[in-house]
S.K.: 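First the structure, then my questions, so here it is.
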Number of protein chains: 2
Amino acid sequence: MIKVLVVDDEPQIARALRINLAAHGYEVGTAADGAQALRAAAAIVPDLVVLDLGLPDMDGTEVIAGLRGWTKAPILVLSGRAASAEKIAALDAGADDYVTKPFDIGELLARVRAATRRSGPGADSPVTEIGGATVDLAAREVHRGGEEVRLTPTEWQLLEVLLRNPGKLVGQRELLHRVWGPNYDRETNYLRQYMAQLRKKLEEDPARPVHLLTEPGMGYRFRP
Amino acid sequence: MIKVLVVDDEPQIARALRINLAAHGYEVGTAADGAQALRAAAAIVPDLVVLDLGLPDMDGTEVIAGLRGWTKAPILVLSGRAASAEKIAALDAGADDYVTKPFDIGELLARVRAATRRSGPGADSPVTEIGGATVDLAAREVHRGGEEVRLTPTEWQLLEVLLRNPGKLVGQRELLHRVWGPNYDRETNYLRQYMAQLRKKLEEDPARPVHLLTEPGMGYRFRP
DNA sequence: GTCACCTTTGACGATTTCTTGACGGCCCCC
DNA sequence: GGGGGCCGTCAAGAAATCGTCAAAGGTGAC
């Protein structure tokens, strides 16, 4: 089932959206502010996000940036502000669509269909091979030799950032920011700790990694 | 270059769109009715279609259906009609976005960016050739003769400054400032040390460099 | 309250990288 | 021809980083 995360601080609108989306066969989660939204997104891994820009705790573009750091799920922005500058800022921050309130629920549903249509069948083979293990980012599943391997939430976030940049070097500061938040800059011991755990769970020979590589002094790299 | 097909029967609007899109680096083709649009699309295979629904010869949804039969390129619909039923019909026919006239050109461009962003990022990062080696600055990767070459962080920084100024002479003081910091002015031995390492790793004949050149008394230069 | 799981933290050799010093060759100027 | 400055090269000590182990908080389930 397609999972949708609805982020809105007005309970009426959030409720109306949830009911309408659920009635059309979507699995719906809700969040009332930006911090909740980022936590909920990391937990349920939605296929689409409906985001109200007028959140009480943080700017809408920050939420978009926080989501875009690790997911490519379409983001459909709702906003009461119709100014073009607002729309441009949100779209360039990474949003996929922008609808001004008040909106027609039928039109919104059509835009949701359009957004999910292109990301649904377009995402070919979401499984990645690492050594003898297969990683399914969408389903949050790892298998190795027929057995299922369990990863903790932090391990998932770290692995996801690396896998979404195949072949590319990801700097340690960038990894810390994306996984632990903007206030973490020098806690490289976290990276060492969790990279070791990932290698132990995924690599054939954890002492001699082939896919999860260290670039000394710079960062880490996933080689397909 | 990203190819955009503009379909509109009003010459003024078509012309305005063409000029604006071309000014932002797109390659633009135009068509004035539905039949022309389908022919032009088959000929130039656009990466995105901007489609006015009010065409003289056929209904807009037919054009959408005709395109969707063979291409997944994003379709951005323009229309003077703001009724929700129209929007829903167009979106469900296969359109990706729907903008009502009159529209803000900046917003339209932002929506074009959003649409091309999600379908485009298959392009790999630009590589620079040095002798027999290929340098990928974005991925932080160097290959030479099929083998991978490892650079240390300082080597990367130095090489990046030179490669970002192709053909230009970079003074030794500027190099020292950019790589080691503002407090380093006369440690030219650092430059000698690391330039030698870079040449050994990148140049065909490190003793007779062709791309990483010394300008005695002044600085260094990268010649493509 | 207890238990299990996850995260955070500290510490230690092993390895890589950076820094530093020294030497000879080349070119230009005197 | 001699001298000084600059460059390329080599080598070795100093410093930083990495992988690993172990254990102390935190949190939610039962």
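Naming convention: chains lettered A, B, ... in sequence-line order (proteins, then strands); numbering from 1 in each chain.
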S.K.: Phosphate oxygens OP1/OP2 of dT17(C): is one of them under 4.0 Å from a side-chain N or O of Thr154(B)?
M.R.: no
S.K.: Nearest whole angstrom, please: distance from the P of dT8(C) to the CG of Leu191(A).
M.R.: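 Rounded to whole Å, this separation is 12 Å.
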S.K.: With a 3.5 Å distance limit and no angle check, can you tell me whether Glu203(B) reaches the backbone of Arg208(B) through a side-chain donor-acceptor pair?
M.R.: no
S.K.: Would you call Arg223(A)-Glu141(B) a salt bridge at under 4.0 Å N-O?
M.R.: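 Judged by the 4.0 Å cut-off on N to carboxylate O distance, Arg223(A) and Glu141(B) do form a salt bridge.
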S.K.: Provide, to the nearest angstrom, the distance between the CD atom belonging to Gln157(A) and the C1' atom belonging to dT8(C).
M.R.: 15 Å
S.K.: To the nearest Å, give me how far apart CG (Asn189(A)) and P (dC12(C)) are.
M.R.: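 So the two atoms are 15 Å apart, to the nearest Å.
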S.K.: Atom CD of Glu215(A) to atom C1' of dT15(C): distance rounded to whole Å?
M.R.: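 Going from CD in Glu215(A) over to C1' in dT15(C) covers 15 Å.
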S.K.: Please state how far atom CG in Leu151(A) lies from atom P in dC5(C), giving the value in whole angstrom units.
M.R.: 15 Å
S.K.: Can you tell me the distance, in whole Å, between the CD atom of Gln193(B) and the P atom of dA22(C)?
M.R.: 15 Å
S.K.: What nucleic acid atoms does Glu155(A) come within less than 4.0 Å of, heavy atoms only: base, sugar-phosphate, or nothing?
M.R.: nothing
S.K.: Specify the separation, in whole Å, of atom OH of Tyr184(A) and atom P of dT7(C).
M.R.: 12 Å
S.K.: Given dT8(C), is OP1 or OP2 found less than 4.0 Å from the side-chain N or O atoms of Tyr190(A)?
M.R.: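 For Tyr190(A), the contact criterion (side-chain N or O under 4.0 Å from OP1 or OP2 of dT8(C)) is not met.
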S.K.: Quick one: which of dT7(C), dT17(C), dT19(C) gets closest to the side chain of Arg150(B)?
M.R.: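 That would be dT17(C).
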S.K.: What contact category does Arg208(A) fall into here, base, sugar-phosphate, or nothing, at under 4.0 angstrom with non-hydrogen atoms?
M.R.: nothing
S.K.: Does Arg144(A) have any side chain to side chain contact (heavy atoms under 4.5 Å, CB included) partners at least two apart in sequence or in another chain, and if so, which?
M.R.: Ala133(A), Val149(A)
S.K.: Under 4.0 Å between a side-chain N/O of Trp180(A) and OP1 or OP2 of dT7(C), yes or no?
M.R.: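 It does not, given that no N or O in the side chain of Trp180(A) lies less than 4.0 Å from OP1 or OP2 of dT7(C).
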S.K.: If you walk 5' to 3' along DNA chain D, what is the first nucleotide with an atom under 4.0 Å of a heavy atom in chain A, and what is the last?
M.R.: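 Reading along DNA chain D, I get dT17(D) to dA22(D).
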S.K.: When rounded to the nearest 0.5 angstrom, what is the spacing between OG1 in Thr116(A) and CZ in Arg118(A)?
M.R.: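 Separation between the atoms: 8.5 Å.
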S.K.: So, the side chain of Arg111(B) versus the backbone of Tyr98(A): is there a donor-acceptor pair under 3.5 Å, distance only?
M.R.: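 Answer holds: yes.
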S.K.: So Glu187(B), base contact, sugar-phosphate only, or nothing? Heavy-atom distance under 4.0 Å.
M.R.: nothing
S.K.: Does a side-chain N-to-carboxylate-O contact under 4.0 Å join Arg68(B) and Asp96(B)?
M.R.: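 Counted as a salt bridge, because a side-chain N and a carboxylate O are separated by less than 4.0 Å.
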S.K.: Atom CG of Leu158(B) and atom P of dC18(C): how far apart are they, to the nearest Å?
M.R.: 11 Å
S.K.: What I'd like to find out is whether the side chain of Asp185(A) reaches to under 4.5 Å of the side chain of His177(A), using heavy atoms alone.
M.R.: yes
